[in-house]
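Below: the structure, in structure tokens.
Numbers here simply count residues along the sequence, with the first being 1.
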Amino acid sequence: MIYTTCSDLPPVTDDQRARILNAPRDAENHRALLAATPAMNTIETGGIPTQNRLDTAPLVAAWNLERCLFPDATAKHLAGLAPDVILLSEMDCGMARTGQRHTTRDLAQALGMSYAYGVEFYELGLGGPTERRFCTDDHNRLGFHGNAILSAAPLTRVAMIRLDDHGPWFDADPDQPRLGTRMALAAQIDTASGPICVVSTHLESNAQASYRHDQFLHLLERVDFFAQGYPIAIGGDLNTGNHMPPDFDWRKETLFDLARALGYSWQGSAPGQTTRASLITPHPDRSMRLDWIATRDVSPAERGILPAVAPDDTPLSDHDCVWCQLA
């Protein structure tokens with residue numbers, strides 16, 4: 001687990017980038033490069049929260065924002081739901097396809113929230129073919145892509161949990177060469193009823209159910225250590241059923257029973273598919289249920305899905321936002 005924090009993630013230097021580009025594409029080299037790149041082992045924290053602590057029934061939202069092409073429109077869309085905690089994945093920072101913006105910081109500022117941001121991948125290129133028409137430059141200012149937690153109250157403790165280290169994407173996709181691994185961010189937040197642990201995670205898409213099972217077990221073991229007995233809410237894109245054609249059936253995943261055996265409930269996840277066609281998704285015809293909220297030692301009072309469509313009908317992501325209010 002990684003606990004180091006900073007106010008601005010250190011950029012990857014030219015020398016570091018050259019070493020990454022020139023290294024043999026294997027697991028041993030990936031582990032060494034991952035360990036030697038400071039941005040991959042640091043959590044950025046910031047923002048100005050509007051509350052000292054959350055109330056007794058915080059609303060928790062989880063949303064894969066698919067790079068966050070439209071931070072301003074996304075902030076306005078979320079403001080209508082008024083979540084107390086937002087668990088985000090696929091957030092760009094210094095990428096040409098999102099105008100070189102720090103999308104997490106911009107969202108936090110617009111919503112009056114604190115934030116934590118961790119790098120899932122250091123992107124060596126400009127992204128996939130469907131994304132390049134959005135690029136404002138021929139280079140990335142930072143090239144970071146990752147997960148985040150936003151909170152209306154301060155984050156009293158944070159940690160990053162990497163879910164593997166061998167780098168399955170290091171050479172898997174020639175259109176999107178990258179250093180890094182799937183990961184999760186955990187944070188402790190004070191509420192009127194006592195502290196709660198929240199976790200934003202993103203499991204592997206390019207894998208079978210057994211791989212995601214192992215990732216989720218690794219995550220739950222470390223969250224159990226971090227949470228120190230406090231109630232837990234885990235949310236994010238679990239990629240359930242992904243890479244499992246022809247039906248992409250989430251019910252074939254074993255991670256649901258794994259979590260139940262460890263005391264978690266899935267009642268905080270509203271029924272229904274959570275993906276849609278967007279402006280950049282490479283699979284606009286697929287409809288899947290990928291996004292979930294699991295809780296332990298706290299009960300969901302309400303739950304729902306916020307469609308990822310702005311008032312002008314612009315799709316804000318290829319994932320809808322799932323949410324639940326904790327009792």
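- In the hydrophobic clustering of ILVMFWY residues, with side-chain heavy atoms under 4.5 Å counting as a link, Val322 and Val298 come out apart.
- Between Asp312 and Thr314, the side chains place a donor N or O and an acceptor N or O closer than 3.5 Å (distance only, hydrogens not considered).
- No side-chain donor from either of Thr275 and His319 sits under 3.5 Å from a side-chain acceptor of the other.
- Leu124 places a side-chain heavy atom less than 4.5 Å from the side chain of Arg17.
- Ring-plane geometry between Phe170 and His30 is classed as perpendicular, the angle between the planes exceeding 60 degrees on a 0 to 90 degree scale with a lower cut at 30.
- In this structure, Asn41 and Thr37 approach most closely via the heavy-atom pair ND2-O, 3.0 Å.
- Asn64 places no side-chain N or O within donor-acceptor distance of the main-chain N or O of Asp237, the cut-off being under 3.5 Å.
- Taking CG from Leu78 and CD1 from Ile86, the interatomic distance works out to 4.5 Å, rounded to the nearest 0.5 Å.
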Go through the steps for Leu9 and Ile43 under the test side chain to side chain contact (heavy atoms under 4.5 Å, CB included), then give the verdict.
CA-CA 7 Å; Leu9 285 172; Ile43 307 160; over 6 Å; no
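- Contact check for Arg53 versus Thr191: no side-chain heavy atoms found under the 4.5 Å cut-off.
- Remark: side-chain polar atoms of Asp320 are paired, donor with acceptor, to backbone N or O of Ala308 under 3.5 angstrom.
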Show, in sequence, the C-alpha distance, side-chain angles and deciding distance for Val309 and Arg276, and conclude whether the side chain to side chain contact (heavy atoms under 4.5 Å, CB included) test is met.
CA-CA 10 Å; Val309 182; Arg276 63 174 57 246; 3.3 Å; yes
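- Rounding to the nearest 0.5 Å places OG of Ser205 at 9.0 Å from CE of Met288.
- Following chains of ILVMFWY side-chain contacts shorter than 4.5 Å, one cannot reach Phe121 starting from Leu142, and the two form parts of different hydrophobic clusters.
- For Gln109 (side chain) and Gly47 (main-chain N/O), no donor-acceptor pair under 3.5 Å exists by modelled atom type.
- When side chains are defined from C-beta on, Glu131 counts as touching Arg67, because their heavy atoms get closer than 4.5 Å.
- For Asp14, the CG atom counts as loosely surrounded, since its 6.0 Å shell holds 12 or fewer non-hydrogen atoms of other residues, nucleotides or ligands.
- Donor-acceptor pairing under 3.5 Å is recorded for the side chains of Asp137 and Gln100.
- No side-chain heavy atom of Leu59 sits under 4.5 Å from any side-chain heavy atom of Glu302.
- Just one residue in the list Thr103, Thr98, Thr104, Leu107 forms a side chain to side chain contact (heavy atoms under 4.5 Å, CB included) with Leu65, and that residue is Leu107.
- Grouping the Ile, Leu, Val, Met, Phe, Trp and Tyr side chains by contacts below 4.5 angstrom, directly or via other members, places Val199 with Leu220.
- The main-chain N or O of Gln267 is never found under 3.5 Å from a side-chain atom of Thr295 such that the two would form a donor-acceptor pair.
- In this structure the side chain of Trp169 reaches within 4.5 angstrom of the side chain of Arg182, judged on heavy atoms.
- Cation-pi geometry between Arg157 and Phe226 is met: the NZ or CZ atom falls under 6.0 Å from the ring centre, inside 45° of the normal.
- Of the charged side-chain nitrogens involved, at least one lies within less than 4.0 Å of a carboxylate oxygen, so that Arg105 and Glu44 count as a salt-bridged pair.
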For Leu155 and Ile149, what are the C-alpha separation, side-chain angles and deciding distance, and is it a side chain to side chain contact (heavy atoms under 4.5 Å, CB included)?
CA-CA 9 Å; Leu155 306 174; Ile149 297 173; 4.2 Å; yes
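- Put simply, Val60 and Tyr264 are part of two different groups of oily side chains (I, L, V, M, F, W, Y) that touch within less than 4.5 Å, one to the next.
- Counting heavy atoms from C-beta outward, Trp323 and Leu81 have side chains that approach closer than 4.5 Å.
- Here Glu204 does not pair with Arg212 in a salt bridge; the nearest charged N to carboxylate O distance is not below 4.0 Å.
- Within the model, atoms CG of Asp190 and OG of Ser151 stand 9.5 Å from one another, a figure rounded to the nearest 0.5 Å.
- Put simply, CG on Asn22 and CG on Asn29 are 11.0 Å apart, with the number rounded to the nearest 0.5 Å.
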Decide side chain to side chain contact (heavy atoms under 4.5 Å, CB included) for Phe144 and Tyr117; before the verdict, give the C-alpha distance in whole Å, the side-chain angles of both, and the deciding distance to 0.1 Å.
CA-CA 10 Å; Phe144 298 153; Tyr117 177 75; 3.9 Å; yes
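- Judged by distance alone, the side chain of Gln273 and the main-chain N or O of Ser287 form a donor-acceptor pair under 3.5 Å.
- Heavy atoms only, all atoms of each residue included: Ala148 and Leu185 are closest at CA-CD1, 3.8 Å.
- Proximity of the aromatic rings of Trp292 and Trp250 is defined here by a centroid distance below 6.0 angstrom, and this criterion is met.
- Remark: Phe225 CZ is loosely packed, at most 12 non-hydrogen atoms of other residues, nucleotides or ligands lying under 6.0 Å away.
- Shown here for Ile20 and Arg25, the closest heavy-atom pair between the two residues is O-NH1, 3.0 Å.
- In this structure, the separation between NE2 on His77 and SG on Cys321 is 8.0 Å, given to the nearest 0.5 Å.
- Thr130 contributes a side-chain N or O that, together with a main-chain N or O of Ile280, makes up a donor-acceptor pair within less than 3.5 Å.
- Between the side chains of Glu120 and His202, at least one donor N or O sits under 3.5 Å from an acceptor N or O.
- The backbone N or O of Pro38 sits less than 3.5 Å from a side-chain atom of Thr42, completing a donor-acceptor pair.
- The two residues Pro49 and Ala152 come nearest to each other via the heavy atoms CB-O, 3.2 Å.
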Would Asp164 and Gln215 count as a side chain to side chain donor-acceptor pair (under 3.5 Å) if you check the C-alpha gap in whole Å, the side-chain angles of each, and the deciding distance to 0.1 Å?
CA-CA 7 Å; Asp164 51 54; Gln215 284 188 320; 3.1 Å; yes
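- Salt bridge status for Arg101 with Asp92: absent, with no side-chain N to carboxylate O gap under 4.0 Å.
- Remark: Tyr115 pairs with His102 by the ring pair (Phe, Tyr, Trp, His ring centres under 6.0 Å) rule, at least two apart or across chains.
- When side chains are defined from C-beta on, Leu217 counts as touching Leu258, because their heavy atoms get closer than 4.5 Å.
- For the residue pair Ile189 and Ala153, the shortest heavy atom distance occurs at CG2-CB, 4.0 Å.
- Here the shortest heavy-atom pairing between Leu219 and Ala184 reads CD1-CB, 3.5 Å.
- A donor-acceptor pair shorter than 3.5 Å can be found between the side chains of Arg162 and Thr181.
- Linking ILVMFWY side-chain heavy atoms closer than 4.5 Å, directly or via other members, places Leu203 and Leu262 in a single hydrophobic cluster.
- Considering only residues two or more places apart in sequence or on other chains, His166 meets the side chain to side chain donor-acceptor pair (under 3.5 Å) condition with Tyr211.
- Between atom CG of residue Asp291 and atom OG of residue Ser89 there is a gap of 7.0 Å, rounded to the nearest 0.5 Å.
- Counting only heavy atoms from C-beta outward, the side chains of Met40 and Tyr122 approach each other to under 4.5 Å.
- No more than 12 heavy atoms of other residues, nucleotides or ligands lie within 6.0 Å of CD in Glu28, so this atom counts as exposed by the packing criterion.
- For Ile48, the CD1 atom is loosely surrounded, since the number of other residues' heavy atoms within 6.0 Å does not exceed 12.
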Derivation of the salt bridge (charged side-chain N to carboxylate O under 4.0 Å, His left out) call for Arg260 and Asp257:
CA-CA 5 Å; Arg260 290 188 188 99; Asp257 286 341; 2.8 Å; yes
